[in-house]
Student: 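Starting off with a structure, shown below.
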Amino acid sequence: MKYKSLFILSVALPIQWFLVRWLSKYPHLVESHYSQGLYPKITSILQGVFGWIPFPIGDIFYFILGIWIIYLLYKLIKEWRTAILKNALRITATLSVIYFVFHLLWALNYYRLPLYQNMDIATTYSTEDLYKTTQKLIANTNALHTDLAFADSLVVSSYSKKELRAMASQGYKQIPRTIIPNENLPNLVKNSLFSLSISYLGYGGYYNPFTGEAQVNAKTPEALYTVIAAHEQAHQLGYAAENEANFLGVLASIQNSDSFIQYAGYTYGLRYCLNELGRRDKDLYKELHESILPGVLALYKNHHEFWKQYDTVIETVSKEVWDKILKISKQSDGVASYSYIVALLVNFDKSEPNFLL
């Protein structure tokens with residue numbers, strides 16, 4: 001590529017950054033024109049183009065992109081005396097193209113209206129409200145566990161992970177269109193080719209905005225696997241914030257017609273609420289913790305042991321990097337913003353009495 005083209009693309013990078021910062025101040029505009037306007041058309045096209053491919057083409061794209069960036073860095077170092085300007089421009093031009101495509105295909109969703117506003121619910125809640133919601137989650141979790149296994153045994157899925165992926169989106173059909181107006185429900189979920197690598201990074205899945213693929217860590221236990229699939233499908237629907245995708249993943253799982261997937265959703269949501277209750281009131285936490293069936297607690301132990309086997313300094317570093325990315329992406333609390341799922345669960349429970357019977 002000629003110097004002129006490289007220079008123009010490089011100059012476009014800071015201009016794009018300022019335009020995105022400016023656009024982030026107008027969430028209503030992003031919501032109406034992009035998240036509910038252009039984006040559903042984009043994701044529909046991506047699913048049509050890549051949906052028929054049985055393996056995650058996005059992982060191959062990431063692999064090629066990684067090699068290309070390494071090559072550019074190698075050229076920058078090797079030719080620092082003779083062609084440093086051109087090689088530097090190649091890097092900034094590449095970043096400029098990636099930044100543009102990333103935001104066009106998905107990332108502008110970071111700046112849409114918060115989900116709680118569209119749902120018309122509050123963002124704060126009392127400890128009493130949290131206690132009541134946690135009680136309901138425990139009652140439903142215990143009841144489903146009793147249907148699926150003995151009280152002191154682990155629930156074992158009878159489905160393959162391929163079947164769980166196919167079933168994960170079914171619950172989204174039951175979520176009111178006032179919450180999810182996008183009629184193009186997610187259906188493009190695949191196992192990651194990098195499942196072992198992302199296990200060491202501490203991640204259960206990720207969304208590829210360049211191909212529209214929701215990718216799940218194939219090594220995760222089934223009860224985690226199905227909720228993670230639903231979580232990544234929420235990203236497909238244009239909910240970029242991790243806390244909102246967590247909530248929608250739990251909600252879609254609970255609304256699913258299959259008992260095992262419901263159970264997975266309840267246990268996932270219960271863990272967040274129970275931990276938050278423990279931070280607020282140790283006595284109430286102990287009271288409710290004692291009411292949870294031993295088999296449910298065994299499930300949590302099983303999940304903890306799964307992640308523990310991959311617990312290395314790599315995970316610590318990756319989580320710190322992700323924390324910074326979340327803060328840059330208008331999630332000011334970073335990784336801590338994940339706890340916002342509790343506010344959504346509690347206040348949705350208050351606004352919809354039939355949500356947790």
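Since the structure is predicted, the reported quantities are computational estimates derived from the model, not experimental observations.
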Student: Tell me the closest heavy-atom pair linking Tyr207 and Tyr39, and the distance in Å.
Tutor: OH-OH, 3.4 Å
Student: Can any side-chain N or O of Glu213 pair as donor or acceptor with the backbone N or O of Leu188 at less than 3.5 Å?
Tutor: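 No, because the side chain of Glu213 does not come within donor-acceptor range (under 3.5 Å) of the backbone of Leu188.
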Student: Check whether Tyr172 reaches the backbone of Ala230 with its side chain - one donor and one acceptor, N or O, closer than 3.5 Å.
Tutor: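 Yes, because the side chain of Tyr172 sits within donor-acceptor range (under 3.5 Å) of the backbone of Ala230.
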Student: So how far is it from Thr211 OG1 to Lys190 NZ, rounded to the nearest 0.5 Å?
Tutor: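 NZ of Lys190 is found 7.0 Å from OG1 of Thr211.
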Student: Between Tyr110 and Arg112, is there a cation-pi geometry (under 6.0 Å to ring centre, at most 45° from the normal)?
Tutor: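 Checked: cation-pi criterion not met.
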Student: For Ile91 and Leu73, which heavy atoms make the closest approach, and how far apart are they?
Tutor: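 Taking Ile91 first and Leu73 second, the nearest heavy atoms are CD1-CD2, 3.9 Å.
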Student: Give the intermediate values and the outcome of side-chain hydrogen bond (donor to acceptor under 3.5 Å, both in side chains) for residues Ser253 and Asn256.
Tutor: CA-CA 5 Å; Ser253 299; Asn256 201 288; over 6 Å; no
Student: Apply the side-chain contact (heavy atoms from CB on, under 4.5 Å) test between Val250 and each candidate in Leu344, Thr267, Leu345, Leu137; give the one that qualifies.
Tutor: Leu345
Student: Does atom NZ (Lys161) have a neighbourhood of more than 12 heavy atoms from anything else shown, all under 6.0 Å?
Tutor: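 Counting neighbours around NZ of Lys161, more than 12 heavy atoms of other residues, nucleotides or ligands fall under 6.0 Å, so yes.
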Student: Same cluster or not: are Ile15 and Phe100 linked, directly or through other Ile, Leu, Val, Met, Phe, Trp or Tyr residues, by side-chain heavy atoms under 4.5 angstrom apart?
Tutor: no
Student: Report yes or no: do Asp59 and Gln215 form a side-chain donor-acceptor pair below 3.5 Å?
Tutor: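 On atom types as modelled, these side chains qualify, holding a pair under 3.5 Å.
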Student: Within this structure, what is the CG-CZ distance for the pair Leu72 and Arg90, rounded to the nearest 0.5 Å?
Tutor: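 It is 7.5 Å, given to the nearest 0.5 Å.
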Student: Give a yes or no on this: more than 12 heavy atoms of other residues, nucleotides or ligands lie within 6.0 Å of atom CZ of Phe7.
Tutor: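 No, the 6.0 Å shell around CZ holds no more than 12 heavy atoms from other groups.
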Student: Looking at every non-hydrogen atom in both residues, tell me the closest pair between Tyr62 and Pro209 and how far apart they are.
Tutor: OH-CD, 3.6 Å
Student: Please check if the number of heavy atoms outside Phe102 that lie under 6.0 Å from its CZ is greater than 12.
Tutor: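 Atom CZ in Phe102 is packed in, count exceeds 12.
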Student: Salt bridge or not for Glu305 and Lys308, using N-O below 4.0 Å?
Tutor: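 Lys308 and Glu305: not salt-bridged.
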Student: Looking at every heavy atom in both Thr43 and Gln236, which two are closest together, and how far apart are they?
Tutor: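 Residues Thr43 and Gln236, closest heavy atoms: OG1-O, 3.7 Å.
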Student: Nearest 0.5 Å, please: how far is OG1 in Thr141 from OH in Tyr266?
Tutor: 7.5 Å
Student: Hey, can you tell me if Tyr310 and Phe306 have their rings parallel, tilted or perpendicular (30° and 60° cut-offs)?
Tutor: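 Answer is perpendicular, since the angle exceeds 60°.
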Student: Determine the minimum heavy-atom distance between Pro40 and Tyr34, stating which atoms define it.
Tutor: CD-O, 3.8 Å
Student: How long is the span from the CD1 atom in Ile45 to the CD atom in Gln47, to the nearest 0.5 Å?
Tutor: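 Rounded to the nearest 0.5 Å, the CD1-CD separation comes out at 11.0 Å.
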Student: How close do Phe194 and Ser192 get, counting heavy atoms only, and between which atoms?
Tutor: N-OG, 2.9 Å
Student: Would His103 and Tyr99 count as a ring pair (Phe, Tyr, Trp, His ring centres under 6.0 Å) if you check the C-alpha gap in whole Å, the side-chain angles of each, and the deciding distance to 0.1 Å?
Tutor: CA-CA 6 Å; His103 282 84; Tyr99 189 86; 4.2 Å; yes
